[in-house]
Amino acid sequence: MSDDDLTATRRAKLRELRAVGRAYPNDFRPAHRASQLHSAFESAEASALESARPPARIAGRVVGRRSFGQAMFVTVDDGGGRIQAYLRRDQLPPDAWETSRSLDLGDQVGVEGTLFRTKTNELTVAASEVRLLAKCLHAPPEKWHGLADVEIRYRQRYLDLLSNPAVRDVFRKRARIVAGIRRFLSERGFLEVETPILQQIAGGAAARPFRTHHNALGLDLQMRIAPELFLKRLLVGGFDRVFEIGRNFRNEGISTQHNPEFTMLEFYQAWATYEDLMPLTEQMVCALAEEVAGGRVVRCGEHEIDLTPPWRRISLVGAAASAAGCNESDLRDPERARQVAERHGVAIPPAAGAGGIATAIFEHLVEPTLVQPTFVTGFPTEVSPLARPSDSDPWVVDRFELYVVAREMANGFSELNDPDDQRERFLSQLANRERGDDEAHPMDEDYVTALEYAMPPAAGEGIGIDRLAMLLCDAPSIRDVILFPLMRPDRRAAASDEGETPGEGAAPGRAPEPRA
RNA sequence: GAGCCGUUAGCUCAGUCGGUUAGAGCAUCUGCCUUUUAAGCAGAGGGUCCUGGGUUCGAUUCCCAGACGGCUCACCA
């Protein structure tokens, strides 16, 4: 049967339902969840159930149907688990039996009855009532292999979720990660805040923004690339520990590790340095791993990652020099650094000085090797326009990045709160922009003004939630932990949808759906 | 943006060294079946082989272009 035929068959059943009553009722209230019933009656013997006849009222999607003429088994998935129901003609009202006979895979159904165990000892609802609650008009993906077409999995995530239980688990884990972060930070006195996504100057990171427009104000705006500068304004305002979990938007390429919109945690703590944030990060990530991955050792692809603190610490310039076979001093000199980069075939970013070149060398030679959790410190000041210079060596800043499985996972530093230095850094970034670095940080005078009102010394950190979820859920692509990743429009589907009206032509009796 | 790979029934996949009716399992339809669980048995239907051009007597298959996806690289704090 073609797709149209499959749908037409189901639509015909829907038409019959409409003819005799409400096709989409909302008066059935399930009293039990499949998982509850399984755990509550786990140890109940068949004979015990036989005498007690515990009532059960469940609702969910039909994911299996085995028919025997005058009886059938139906497996119902209520989102949290599955339980099967046994439907017999001689135990059901006639209309419920008719409903049962017309059930299709994918339908939403409500079943009421009593629990028993079958010959094969499976806990089962012996149905005394069956209600169709919502008709499924399309054939669902195959029961055994599930949905494998990656494109459909992303475009129609609901199909992925309803046919691949492991996918639901990933997103449940992701929710627990986010909830765990909130709990962890709230317990430590951090205040959760929300700052603008629509901004006039998108700052706080090196990235190209999306542009948009506010009609009433006639104002061009950008989507935020980071909440950083607003969160630090809040430090000036007197909130000494703040955090935000929210979406950032960066107008850049898509890969297994990049989605144009992604979720970031940023938190700021006054009276702290980047040294304080490293153990805090270790604690937080360990707590999350123990909660969602069952321990501090997590499997990620072919790697086994041991998150037990303390994590290794290396210096960026030191590691880059040793990987490139040169001295650190070579990487502090623009000309010699350039030669080292060229010798190793490392592309030199536009407008880069020695610090930028050293960072590029690090990223190409060292970053891919950082599989176990590693804090990288000693970032050049040149590539860190918002971070506080190290007291002992102002060529670098008090900053770290966390790498796990060769992926950047977190970025934290002691905040630059000297307004005059910050203005100079912005000006230097502007100069880089002139020289072709289109991701150089823009000038933000309003932010500098905020610093002039005295921001307490502080440290702040950003953690990529998607990448953290990838690590803790063992997901190879960021699209596996983002429910609806950005996709190109599917022009094939658009073209064919315009050419036909699916199913409707063959259903002349069907009245249009009232919408108001 | 570049390279490689993929796109065949609603789903999961075979297949065609260019050949006449393109297959399987699940799903669907018909019949039988009151404890099955990837239920079973018998039968049937279901295809824009991603799209468009080209080569050819003949293209789902070969060539070119395009669409969409995946991976790698580039980009990307």
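We use all heavy atoms of the structure for the numbers below, so side chains are in, but hydrogens, waters and symmetry mates are not. A note on names: the letters A, B, ... follow the listed sequences, proteins ahead of strands, and every chain is numbered from 1.
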Worksheet entry | Shortest non-hydrogen contact between A:G356 and A:V383, atoms and distance | CA-CG1, 3.7 Å
Worksheet item: Reckon A:R65 has a side-chain N or O less than 4.0 Å from the OP1 or OP2 of B:rA38?
Response: no
Fill in: Rounded P spacing from B:rG46 to B:rU35 in Å
34 Å
Discussion item. Using the P atom as the point on both nucleotides, what is the distance between B:rC11 and B:rU72, in whole Å?
Written reply: 26 Å
Practice prompt. From the options B:rC26, B:rC75, B:rU72, select the nucleotide whose nearest atom is closest to the side chain of A:E142.
Written response: B:rC26
Fill in: Rounded P spacing from B:rU60 to B:rC17 in Å
15 Å
Worksheet item: A:A71 has a side chain; which of B:rC75, B:rU34, B:rU36 sits nearest to it?
Response: B:rU34
Worksheet item: With sugar-phosphate meaning primed atoms plus P, OP1 and OP2, does A:G146 contact a base, only sugar-phosphate, or nothing at under 4.0 Å between heavy atoms?
Response: sugar-phosphate
Worksheet item: Taking for each residue the nucleotide of RNA chain B with the nearest heavy atom, is it A:G64 or A:D149 whose nucleotide lies nearer the 5' end?
Response: A:D149
Discussion item. Let me confirm one number: the CG-CG distance from A:L483 to A:D160, rounded to the nearest 0.5 Å.
Written reply: 9.5 Å
Worksheet, complete the sentence: In Watson-Crick or G-U wobble terms, with both distances under 3.5 Å, the base opposite B:rG6 is B:rC68
Item to complete: Grab the CD-P distance between A:Q84 and B:rA38 for me, whole Å please.
Response: 11 Å
Item to complete: Please tell me which of the listed nucleotides, B:rC29, B:rU12, B:rA39, lies nearest to the side chain of A:R66?
Response: B:rA39
Worksheet item: Checking all strands, does A:R479 fall into the base, sugar-phosphate, or nothing category for heavy-atom contacts under 4.0 angstrom?
Response: sugar-phosphate
Worksheet item: Taking CG from A:N251 and P from B:rG1, how many angstroms apart are they, rounded to a whole number?
Response: 13 Å
Worksheet, complete the sentence: In whole angstroms, the gap separating C1' of B:rC71 from OH of A:Y154 amounts to 11 Å
Worksheet entry | Carboxylate-amine/guanidinium proximity below 4.0 Å for A:E228 and A:K232 | yes
Worksheet item: What is the distance from CE of A:M72 to P of B:rU35, rounded to the nearest Å?
Response: 13 Å
Discussion item. Checking contacts here: which listed nucleotide (B:rC29, B:rC33, B:rU12) is nearest the side-chain heavy atoms of A:S67?
Written reply: B:rC33
Worksheet entry | Residue A:W144, side-chain heavy atoms: nucleotide from B:rA38, B:rU35, B:rA74 that is nearest | B:rA38
Worksheet entry | A:K143 side chain, from C-beta outward: closest of B:rA39, B:rG69, B:rG10 | B:rA39
Item to complete: Describe the nucleic acid contact of A:E439 in one word from base, sugar-phosphate, nothing, applying a heavy-atom distance below 4.0 Å.
Response: sugar-phosphate
Worksheet item: Considering only the C1' atoms, how many Å lie between B:rA65 and B:rU55, rounded to the nearest integer?
Response: 15 Å
Discussion item. Measure CG/A:N259 against C1'/B:rG70 and give the value in whole Å, please.
Written reply: 15 Å
Worksheet item: Between A:K13 and A:E16, is there a salt bridge with N-O shorter than 4.0 Å?
Response: no
Worksheet entry | First of A:P349 and A:P140 reached from the 5' end of RNA chain B, by closest nucleotide | A:P140
Discussion item. Using OP1 and OP2 only, check whether a side-chain N or O of A:R155 sits under 4.0 Å from B:rG69.
Written reply: yes
Practice prompt. Mind calculating the distance between CD1 (A:I254) and P (B:rG70) to the nearest angstrom?
Written response: 8 Å
Practice prompt. Rounded to whole angstrom, note down the C1' distance from B:rG47 over to B:rC4.
Written response: 29 Å
Worksheet item: Whole Å only: how far is the CZ atom of A:R208 from the C1' atom of B:rC75?
Response: 7 Å
Worksheet item: Should A:K119 be listed as having a side-chain N or O under 4.0 Å from OP1 or OP2 of B:rA39?
Response: no
Worksheet entry | Any N/O donor-acceptor pair, A:T9 side-chain to B:rU28 base, under 3.5 Å | no
Discussion item. As a test of understanding, state which of A:V376, A:T377, A:N411, A:T374 forms a side-chain contact (heavy atoms from CB on, under 4.5 Å) with A:F400.
Written reply: A:T377
Worksheet entry | A:F230 six-ring face occupied by A:R233 cation (under 6.0 Å, within 45°) | yes
Worksheet item: So A:Y403 and A:F362, would you call those rings parallel, tilted or perpendicular, with 30° and 60° as cut-offs?
Response: perpendicular
Practice prompt. Looking only at side-chain atoms of A:R488, point me to the closest of B:rC33, B:rG69, B:rU72.
Written response: B:rG69
Worksheet item: How far does the C1' atom of B:rC57 sit from the matching atom of B:rC50, given to the nearest Å?
Response: 27 Å
Item to complete: Nearest whole angstrom, please: distance from the C1' of B:rG46 to the CG of A:D3.
Response: 11 Å
Worksheet entry | SB check A:R65 A:D107 (cutoff 4.0 Å) | no
Discussion item. With a 4.0 Å cut-off on N to O distance, would you call A:K135 and A:D104 a salt bridge?
Written reply: yes
Worksheet entry | From B:rA27, B:rC71, B:rG46, nucleotide with atom closest to A:L105 side chain | B:rA27
Fill in: B:rC33 pyrimidine/purine six-ring stacking with A:F68, under 5.5 Å and 30°
no
Worksheet item: With both distances kept under 3.5 Å, what pairs with B:rC49, Watson-Crick or G-U wobble?
Response: none
Response to the item:
Taking a pair to mean Watson-Crick or G-U wobble geometry with both distances below 3.5 Å, B:rC17 pairs with none
Worksheet entry | Pairing partner (Watson-Crick or G-U wobble, both distances under 3.5 angstrom) of B:rA42 | B:rU30
Worksheet item: Looking for any heavy atom pair under 4.0 Å, which part of the strands does A:E363 touch: base, sugar-phosphate only, or nothing?
Response: nothing
Item to complete: Using both distances under 3.5 Å as the test, list the Watson-Crick or G-U wobble partner of B:rA22, or none.
Response: none
Item to complete: Hunt down the Watson-Crick or G-U wobble partner of B:rA74, both distances under 3.5 Å, from any strand shown, or write none.
Response: none
Practice prompt. Consider the side chain of A:H364, meaning its heavy atoms from C-beta on, and name the nucleotide among B:rA74, B:rU36, B:rC29 that approaches it most closely.
Written response: B:rA74
Discussion item. Of the options B:rU35, B:rC29, B:rA27, whose atoms approach the side-chain atoms of A:A139 most closely?
Written reply: B:rA27
Fill in: Same-atom distance (C1') from B:rG54 to B:rG18, integer angstrom
15 Å
Fill in: Same-atom distance (C1') from B:rA14 to B:rG25, integer angstrom
11 Å
